[in-house]
Amino acid sequence: MSESDAPLCRFETIVLATDGSEFSESAENVALDLAQRCGARLIVARIIRTDTQHDALSPPRSHEASVAGQADLDALEKRAREVGIDASMILRHGVDRHQEIVAIAEEFKAGLIVIGRRDRGDLSRLMVGDSTRKVVGLAPCNVMIVPRGAQAPHRGLLVGTDGSDLGDQAARAAIELASYCKLPITIVSVAVPGQNEERRQEGVQAIQRLQGEAREKGLEADATFEEGRPEITLLEVAARDHRDLVVVGSHGRTGLKRLLMGSVSERVIGGADCPVLVVKNV
């Protein structure tokens, strides 16, 4: 299989990044669900943030955090084993949580990182959370961001495309995942007001083409062309069509100087009530 033909949603190994807080609880549930459904190996990563200067002055506090973290991992491992998931627990200390998570994903050649969303932002601002943004920006694989209170997808997927190569890649990854989970999919193209007719037609042709690909795989697939602000429209269509996973594209490893995944994608993540899968162009 050539690199271009390789699956866009490899789920043989999933890395769950958790900090044991209420913001990670839903991510834990989603990762366990996906690992069970896909027969994936689950790597659970708990990173104890290390302040070198502070920890040198107060080693008992660092030890307490490690003990608590290991207890949380033991509980997650028990949950995973009870439902037949092959799970490994990793407890690490590090100054930068995102770097440790990315390193673990690289080490285990993960196909997906699942992480909770700590901050909820309104759609006019970029409020994903700095650590989550950096994980998405630097990850060697796709990343699923799970807001507090969200559940694993069970109603359907929605993916947006503009007819570009990146949009097609995100859509095909969504089609693969819909096949894994046996869920319907909605493929959306959103034209901004004033967009020229050529670009609009590219969007229409893209959703029709991708709808055909999804149906060839036996999926229930809808295609819809909308007009408006993409980040708002995608979430409105997801709510209207009862889709509980949104798939968006990213520009790949952006480097430390530019960790945004694209303003539309980041605003979708910040405003979504359901998990959002960011498909990496890596």
With no hydrogens and no angle check, just 3.5 Å: does a side-chain donor-acceptor pair link Glu28 and Thr18? yes
Is there a path of hydrophobic side-chain contacts, each under 4.5 Å between heavy atoms, that joins Val204 and Val192? no
So does Ala139 get a backbone contact from the side chain of Lys280, meaning a donor-acceptor N/O pair under 3.5 Å? yes
Should Arg172 and Glu213 be marked as a salt bridge (Lys or Arg N to Asp or Glu O under 4.0 Å) after you check the CA-CA gap, both sets of side-chain angles, and the distance that decides it? CA-CA 8 Å; Arg172 289 185 174 122; Glu213 292 182 19; 2.8 Å; yes
Note: Arg37-Asp33 ion pair, threshold 4.0 Å (strictly below): yes
Take Glu216 and Arg209, measure what salt bridge (Lys or Arg N to Asp or Glu O under 4.0 Å) needs, and give me the verdict at the end. CA-CA 11 Å; Glu216 285 177 3; Arg209 180 181 70 252; over 6 Å; no
Rounded to the nearest 0.5 Å, what separation is found between the CD1 atom of Ile232 and the CD atom of Glu236? 6.5 Å
Neighbour count >12 (heavy atoms, 6.0 Å) for atom CD, Glu82: yes
Find out whether Gln151 and Asn29 are in side-chain contact, i.e. whether some heavy atom of one side chain is under 4.5 Å from a heavy atom of the other. no
Quick one: pull up CD1 in Ile145 and CD1 in Ile115 and give me the separation to the nearest 0.5 Å. 8.0 Å
Within the 4.5 Å heavy-atom criterion, are His98 and Leu138 side-chain neighbours or not? yes
Under the 3.5 angstrom rule, does the side chain of Asp244 hit a backbone N or O of Cys274 as a donor-acceptor pair? no
Worked verdict on Glu231 versus Val190 for side-chain contact (heavy atoms from CB on, under 4.5 Å): CA-CA 9 Å; Glu231 65 270 25; Val190 182; over 6 Å; no
Okay, side chain of Arg117, backbone of Ala272: is any donor-acceptor separation there less than 3.5 Å? yes
Is any NZ, NE, NH1 or NH2 atom of the basic residue among Glu25 and Arg148 found under 4.0 Å from an Asp or Glu carboxylate oxygen of the other? no
In this structure, are over 12 heavy atoms from other groups packed under 6.0 Å from Asn196 atom CG? yes
Have a look at Ile14 and tell me which of Leu32, Leu34, Val44, Ile85 forms a side chain to side chain contact (heavy atoms under 4.5 Å, CB included) with it. Leu34
Can you check side-chain hydrogen bond (donor to acceptor under 3.5 Å, both in side chains) on Gln169 and Asp165, steps first, answer last? CA-CA 6 Å; Gln169 186 170 347; Asp165 290 343; over 6 Å; no
Give, for atom CG of Leu158 and atom CZ of Arg240, the distance between the pair rounded to the nearest 0.5 Å. 9.0 Å
For the CG atom of Asn142 and the CG atom of Leu277, what is their distance to the nearest 0.5 Å? 5.5 Å
Side-chain heavy-atom pair Arg155, Arg243 within 4.5 angstrom cut-off: no
Starting from the C-alpha separation in whole Å, work towards a yes-or-no answer on side-chain contact (heavy atoms from CB on, under 4.5 Å) for Val188 and Ile207. CA-CA 6 Å; Val188 186; Ile207 60 175; 5.8 Å; no
Between the side chain of Ser24 and the main-chain N/O of Ala27, is any donor-acceptor distance below 3.5 Å? no
Side chains of Val278 and Ile269: closer than 4.5 Å at any heavy-atom pair? yes
Give a yes or no answer on whether the side chain of Ser189 reaches the backbone of Asp162 with a donor-acceptor pair at less than 3.5 Å. no
Looking only at heavy atoms, which two atoms of Gly228 and Pro193 are closest? And how far apart? O-CD, 4.0 Å
Keeping Thr50 on the side-chain end and His93 on the backbone end, is there a donor-acceptor pair under 3.5 Å? no
Please assess Ser179 against Leu219 for the test side-chain contact (heavy atoms from CB on, under 4.5 Å), listing each intermediate value before the final yes or no. CA-CA 7 Å; Ser179 296; Leu219 295 175; 3.8 Å; yes
Could you go step by step and tell me if Glu220 and Arg215 meet the salt bridge (Lys or Arg N to Asp or Glu O under 4.0 Å) rule? CA-CA 6 Å; Glu220 178 187 331; Arg215 287 179 172 174; over 6 Å; no
Charged N to carboxylate O under 4.0 angstrom, Arg200 versus Glu227? yes
If we ignore hydrogens and angles and just use 3.5 Å, is the side chain of Glu202 paired with the main-chain N or O of Gly163 as donor and acceptor? no
Residues Arg46 and Asp19 bridged, charged N to O under 4.0 Å: no
Does a sphere of radius 6.0 Å around CD in Glu226 hold more than 12 heavy atoms from other residues, nucleotides or ligands, not counting ones at 6.0 Å or beyond? yes
Inter-residue atom distance Leu183.CG - Leu245.CG, 0.5 Å rounding: 8.5 Å
With a 4.5 Å cut-off on side-chain heavy atoms, are Ile104 and Ile90 touching? yes
If you apply the rule salt bridge (Lys or Arg N to Asp or Glu O under 4.0 Å), what do you find for Glu100 with Arg97, and how did you get there? CA-CA 5 Å; Glu100 297 295 336; Arg97 181 170 177 254; over 6 Å; no
Start with the C-alpha gap between Thr161 and Leu210, add the side-chain angles, then the distance that decides, and say whether side-chain contact (heavy atoms from CB on, under 4.5 Å) holds. CA-CA 9 Å; Thr161 181; Leu210 292 162; 3.8 Å; yes
Do Gln36 and Leu42 have side chains that approach each other closer than 4.5 Å (heavy atoms only, starting at C-beta)? no
At what distance, to the nearest 0.5 angstrom, does CD1 of Ile48 lie from CD of Gln70? 9.5 Å
Measuring only between side-chain heavy atoms, which start at C-beta, is Val146 closer than 4.5 Å to Ser26? yes
Does a side-chain heavy-atom distance below 4.5 Å link Asp222 with Pro184? no
